[in-house]
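A short worksheet on the structure shown next.
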Number of protein chains: 2
Amino acid sequence: MRISAKADYALRALIELAHATEAPLRSEAIAAAQDIPHKFLEAILTDLRKTGFVTSQRGGDGGYRLRRAPEEVQVAHVLRAIDGPLTEIRGGCPEDATYNERASALQLVWVALRVNIRNILEGVTLAHLAAGSVPKEVAELTEDPEAWRTHWIIR
Amino acid sequence: MRISAKADYALRALIELAHATEAPLRSEAIAAAQDIPHKFLEAILTDLRKTGFVTSQRGGDGGYRLRRAPEEVQVAHVLRAIDGPLTEIRGGCPEDATYNERASALQLVWVALRVNIRNILEGVTLAHLAAGSVPKEVAELTEDPEAWRTHWIIR
DNA sequence: AGTTTCCCTATAAAGTCGATAGGGATCAAT
DNA sequence: ATTGATCCCTATCGACTTTATAGGGAAACT
């Protein structure tokens, strides 16, 4: 699972917007708050506008606002909009991957993998993130110290 | 989670090798059996040899053999060797991702996500795949019809 | 020797990633 | 109507990754 800088920036920008409920937030202010290159962030905000996550207002008191309620915005929604499908096998979706008889079990692996990825990313919303917390089931997974260890590549 | 063609080919090649226990298997034979471009597969087998998954033998009756017992080779091992770390946030590991206070919950999401990815990919071995099956916990996840549905990107 | 097979290096087109730059369009306030 | 702020659009760019293809060298076996 590769989370691009773009997707990471997008989520952080949305978190900032979730905190600014009264007035629109300028892209420059978001960039400063989250230490994101301003022009790069502008491109990301354009994507978020086109995909319906934010609205924009030009002019003196302009800026960006959330368009949807934070409780309704899943992390999965944002990642799909910015990075594309959560799970991709050779450029296609898991259920389209075709194998000969000997390798057929691979498809089950990819489908189960997608389930487990969705179980995290569809369960966490922008409201959770803005509140600085995650759902209990997600938090429990992070309690095992092993969860924080890197498993190195065998060489 | 993006599974590259290379990683998919690598797993399929290893499955073929798991079935050929008596004699070495030529790269050409593997390529034909799994419909993989031959020269591309040769490069992949070189990677698999350098990372200790296979051994090779040149000459008339040469070819490739598994170097490790299929029960000990996890899908996660192969993916890490071919595609790099399973979970990567902006080019680094989840535990190295740093956020300001407002966005700090994001790190928990990435760590939990990695746990769920590992729970699938470290649980399935080459022995499972070669037998055409997956562990019960993995199989159960694929039984829900919802697991086979694509969740489209919001536009 | 000769044949077979792996092994190594080079090449390459296409696409993605992470930006940067410049200026145009629009809005609100004056 | 002017001004200034802000978003918006297009273009560009270098580095890297992906998915290969091609040609021949090195080693092993008969």
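Note on naming: letters A, B, ... go to the chains in the order of the sequence lines (proteins, then strands), and numbering restarts at 1 for each one.
- Among the atoms of the strands shown, only primed sugar atoms or phosphate atoms (P, OP1, OP2) are found under 4.0 Å from some heavy atom of A:Arg2.
- For the atom pair CE (B:Met1) and CG (B:Leu113), the distance works out to 9.5 Å, reported to the nearest 0.5 Å.
- A side-chain N or O of B:Thr150 and one of A:Glu95 form a donor-acceptor pair less than 3.5 Å apart.
- In the model, B:Arg90 has a side-chain atom that pairs as donor or acceptor with a side-chain atom of A:Tyr9 under 3.5 Å.
- If you measure from atom CZ of B:Arg58 to atom C1' of C:dG2, you get 17 Å, rounded to the nearest angstrom.
- For DNA chain D, the contact window with chain B, defined by any atom under 4.0 Å from a protein heavy atom, covers D:dT18 to D:dC29 in 5' to 3' order.
- Within residues 28-43 of chain A, the residues approached by DNA chain D to less than 4.0 Å at the level of any non-hydrogen atom are A:Lys39, A:Glu42, in residue-number order.
- Rounded to whole Å, the distance from CG on B:Asp47 to P on C:dT9 is 13 Å.
- Of the N and O atoms on the side chains of B:His19 and B:Glu16, not one donor lies less than 3.5 Å from an acceptor on the other residue.
- Contact annotation: B:Arg49 reaches the phosphate of C:dC7 (side-chain N/O to OP1 or OP2, under 4.0 Å).
- For C:dC17, the OP1/OP2 oxygens have no side-chain nitrogen or oxygen of A:Tyr9 closer than 4.0 Å.
- For the residue pair A:Gln74 / B:His151, no side-chain donor-acceptor distance below 3.5 Å is found, with atom types taken as modelled.
- Following rounding to the nearest Å, A:Ile44 (CD1) and C:dT20 (P) show an atom-to-atom distance of 12 Å.
- For B:Asp61, the CG atom counts as loosely surrounded, since its 6.0 Å shell holds 12 or fewer non-hydrogen atoms of other residues, nucleotides or ligands.
- Looking at A:Arg2 and A:Asp83, no side-chain N of the basic residue comes within less than 4.0 Å of a carboxylate O on the acidic one, giving no salt bridge.
- To the nearest angstrom, P of C:dC7 lies 10 Å from NZ of B:Lys50.
- Using a 4.0 Å cut-off between charged nitrogen and carboxylate oxygen, B:Lys39 and B:Glu28 do not count as a salt-bridge pair.
- Residue whose closest nucleotide on DNA chain C sits further toward the 5' end, between B:Arg90 and B:Thr46: B:Thr46.
- Computed from coordinates, the A:Ile82 CD1 to C:dG18 P distance equals 12 Å when rounded to whole Å.
- In this model, the phosphate group of C:dC6 is not approached by any side-chain N or O of B:Ser56 to a distance below 4.0 Å at OP1 or OP2.
- Here the side chain of B:Ser133 pairs no donor or acceptor atom with the backbone of B:Leu129 at under 3.5 angstrom.
- Regarding A:Arg26, its CZ atom lies at a distance of 17 Å from the P atom of C:dA28, rounded to whole Å.
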